[in-house]
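Numbering starts at 1 and runs along the sequence shown.
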Amino acid sequence: MKIIFRYIRPYLAITALAIALLAGQAFGELSLPDMMSDIVNIGLQGGGIEEDYPKQLTSRSMDLLAACMAPEEAELFLSAYEDGRCVDNGNPGLAEIYGRAAYRLANPGAGNLEPDSMLYQQMSKAMIPMFYQEAGLDTQKLQKDYIYKTGGLMLLLAMANGLAAVFVSLLSSRVSAGLSRDMRRAVFSKVQSFSKAEIDKFSTASLITRSTNDVQQVQQFVLMGIRMMVFAPVMGFGGLVMAIRKSPGLSWIIALIIGILLVMLAVALKTVLPRFKILQTFIDKLNLVSRENLTGLMVIRAFGNERHEEGRFDAAAKDLARTERYVYRAMSIMMPMLFLLMNAMSMMIIWFGGRAIERSALQIGDMMAFVQYAMHIIFSFVFLAMMFVMLPRASVSANRIKELLDTEATILDAEKPVSYPNGPSTVTFDKVYFRYGGAEDDVLSGISFTARPGETTAFIGATGAGKTTLMHLLERFYDVTAGTIAVNGVDIRQIPQARLRSEIGFVPQSAVLFSGDIRSNIAYGAESIAEELVRKAVEVAQAADFVAEAAEGLEAQVAQGGSNFSGGQKQRLSIARALARQPRIYIFDDSFSALDFQTDAALRRALKETTAGATVFIVAQRVSTIMNAEQIVVLEEGRVAGIGTHKELLQACEVYREIAESQLSKEELNA
């Protein structure tokens, strides 16, 4: 979970403000039941009179009260009044003296009660409105004023709580959305730095899940955490303190219900938590199957394998659904059990509270406030339980994101990089070995050759011979296991990756186009490129015909993945993209396979002029594509089987001769 704190750090000020508002909202919510209790106890039952003894008395009332007091008490009490008004408001003993006298006056001959007795207090306060009425005061107005004043304060406090809740929602949403944005940006940036080895390690489906679903889980946890992790504890502890203050005798009910609730939550969490840990794995699997089905849809249909793929998808979906169903069923049982507990608690409070009221041990308003405080306490525990349910899933997601962000890329720039060497690029492979991570055998073994500017170096060999891997090493998608690849004598590992790749025009096996228009795809990777260069690249790549046929020309839209173009058209646009950069090194990785022979020949003739002075690498399966290359490297099982021109290899390399004889006629071989 440290990763969450790392990314929430820029939002600490907003988070602190949200927490302050939450604390204020919690104290406001805790004040409302107490104010409601005052309205019932003081406003309704006490006639709106807050004082413990009358502040104004007639002489007759004073005489009646003095008659029920001891001489020294009567002397102290009467000395506090002048012209019927109390002038000694700071004497705490007056309330006790008055209380005893009022009780004796209302109950002549009754025994004494303890001063803290509820009946004693209620009866003594009930006498105050009578004394005020005799003094000519409007007691109804006093009552209305108190109710309106307290009710008005409650209304204002409720509105303030509502505004605080709105602002907290806004602030918490801002923090969680900002955190998820920063986290996704970091994940995307990290993945951009990965070599193919790291991408293969995580898998594309897992990377998608980590940057979407996992980040979303963390975002939801932060959103709810800011709103609940502070609010719920304050409400729970504050509600407990206020409930005990209102009625200590009923506190055992809350303790009993909380004990039952904790047992329920412990059982539920112990049952559910292990399932959360495997949910994300099932989501990865579902994304993997979905992605394979969508990208391979044409192949699936061509082989009539829809049923099998539906079965794979159903199996992955059922695994996820079964786990989620178990989790949410377990959690759904909690809600009715919770409401059952709450209703049982309310009934117990009303039952035992009613009996306490009957004994004059509790006031009605206090019992009503106690019910609300008890509800606050229960809901606080429920909110905390919800957070603890979200915590493990968010923790798993956060750890998955952390695992990705903490993964060190294996392809790194040198600590003291060397600038790209000037002049035409001579590329040298010197005893190059390469082995994929975890593999037991080398894919490439002892590859050595030199590619010179103005010449074309071609690679041919059986599938899996290592041709594409060799080009990936030059691009530093992987690093060599042993040996060196140098440009003008400088090891490419000493050249910054961005600088190295900026000098390479790369056309991959599978043509990749991006959504946008044709112009943006050809100018891809170049900050600014002249219109003339774009059009020249289109002409050389033999794409001018279908670009001209489009009504919008270079502004013609390209659908996602270039789905609105044929395979040959996509390859030609990919070639145009490489040409537009005017690099020093060209890599055509089996880039002519989707072209017909006529287009292939025309393209190679145009390329010969355009790439003059550059170092050109061509990976091909067709001998006709490479037979005019100045240097052909024949690969067999990751080793060099022969190097030379077409004619030299026909004489000296059996592997090349077999490939050529299988593709060309005798006349073409001897041409």
Using side-chain heavy atoms (C-beta onward) and a distance below 4.5 Å, is Leu57 in contact with Tyr132?
no

Is it the case that over 12 heavy atoms from other parts of the model lie below 6.0 angstrom from the CE atom of Met375?
yes

When you check the side-chain N and O atoms of Asn287 and Thr209, is any donor under 3.5 Å from an acceptor?
yes

Do other residues, nucleotides or ligands put more than 12 heavy atoms under 6.0 Å from the CZ atom of Arg312?
yes

Indicate yes or no: at least one non-hydrogen side-chain atom of Arg355 is less than 4.5 angstrom from one of Trp351.
yes

N/O donor-acceptor pair under 3.5 Å between Asp319 side chain and Phe282 backbone
no

For atom CZ of Arg85, is the number of surrounding heavy atoms from other residues, nucleotides or ligands below 6.0 Å larger than 12?
no

Taking atom CZ of Arg60 as the centre, report whether more than 12 heavy atoms of other residues, nucleotides or ligands fall under 6.0 Å from it.
no

Is Asp52 close to Glu96 at the side-chain level, that is, under 4.5 Å between some pair of heavy atoms?
no

Rounded to the nearest 0.5 Å, what separation is found between the OG atom of Ser172 and the CD1 atom of Ile19?
11.0 Å

Can you confirm whether the side chains of Glu198 and Thr407 place a donor and an acceptor under 3.5 Å from each other?
no

If the condition is salt bridge (charged side-chain N to carboxylate O under 4.0 Å, His left out), which residues does Glu403 pass it with, not counting sequence neighbours?
Arg210

Salt bridge (Lys or Arg N to Asp or Glu O under 4.0 Å) contacts in which one or both residues fall within residues 62-82, not counting sequence neighbours:
Glu73-Arg100

Only counting residues at least two apart or in another chain, list the ones meeting salt bridge (charged side-chain N to carboxylate O under 4.0 Å, His left out) with Glu51.
none

Mind checking the CD1-CZ spacing from Ile14 to Arg174? Nearest 0.5 Å is all I need.
5.0 Å

Is any side-chain heavy atom of Phe27 closer than 4.5 Å to one of Asn161?
no

May I ask you to test the Ile128-Tyr98 pair for a side-chain heavy-atom distance under 4.5 Å?
yes

Heavy atoms, side chains only, cut-off 4.5 Å: are Leu405 and Tyr7 in contact?
yes

Return the set of residues passing salt bridge (charged side-chain N to carboxylate O under 4.0 Å, His left out) with Asp145 (not counting sequence neighbours), or none when no residue passes.
Lys141

Evaluation steps, side-chain contact (heavy atoms from CB on, under 4.5 Å), between Phe313 and Leu286
CA-CA 7 Å; Phe313 183 83; Leu286 187 64; 3.7 Å; yes

Between the CG atom in Leu341 and the CD1 atom in Ile378, the distance rounded to the nearest 0.5 Å is 7.0 Å

To the nearest 0.5 Å, tell me how far Leu250 CG sits from Ile350 CD1.
11.0 Å

Residue pair Ser206 / Arg400, side-chain heavy-atom distance below 4.5 Å
yes

Less than 4.5 Å apart, any side-chain heavy atom of Phe221 and any of Ile4?
yes

What is the ring orientation for Phe194 with Phe202, classed by angle as parallel under 30°, tilted 30 to 60°, or perpendicular over 60°?
parallel

Just wondering, are more than 12 heavy atoms of other shown residues or ligands nearer than 6.0 Å to CG in Asp83?
no

Indicate the atoms forming the closest heavy-atom contact of Met368 with Val40, along with that distance.
SD-CG2, 4.0 Å

Closest heavy-atom pair, Thr139 versus Pro129, reported as atoms and distance to 0.1 Å, is CG2-O, 3.7 Å

Looking at CE of Met69 and CD1 of Ile97, how far apart are the two atoms once the value is rounded to the nearest 0.5 Å?
6.5 Å

Ser397 and Gln217: side-chain donor and acceptor closer than 3.5 Å?
no

Would you say Ser176's side chain and Leu223's backbone share a donor-acceptor pair under 3.5 angstrom?
no

Would you compute the distance between atom CD1 of Ile147 and atom CD of Gln143 and round it to the nearest 0.5 angstrom?
4.5 Å

Is it true that the NZ or CZ of Lys144 lies under 6.0 Å from the centre of Tyr146's six-membered ring and within 45 degrees of the ring axis?
no

Mark yes when over 12 heavy atoms from residues, nucleotides or ligands other than Glu310 sit less than 6.0 Å from its CD; otherwise mark no.
yes

Going by atom types alone, do Asp366 and Ser247 pair a side-chain donor with an acceptor below 3.5 Å?
no

What's the shortest heavy-atom distance between Pro33 and Ala369, and which atoms?
O-CB, 3.5 Å

List the steps, then state whether side-chain contact (heavy atoms from CB on, under 4.5 Å) holds for Leu65 with Phe131.
CA-CA 10 Å; Leu65 288 170; Phe131 292 129; 3.8 Å; yes

Closest approach of Ala18 to Ile226 (non-hydrogen atoms, all atoms of both residues)
CB-CG2, 3.9 Å

ring-ring contact (aromatic ring centres under 6.0 Å, His included) partners for Tyr81, two or more places apart:
Phe77

Classify the side-chain pair Glu309/Asn293 by whether it contains a donor and acceptor separated by less than 3.5 Å.
yes

Tell me, please, which residues at least two apart from Lys318 pass salt bridge (charged side-chain N to carboxylate O under 4.0 Å, His left out).
none

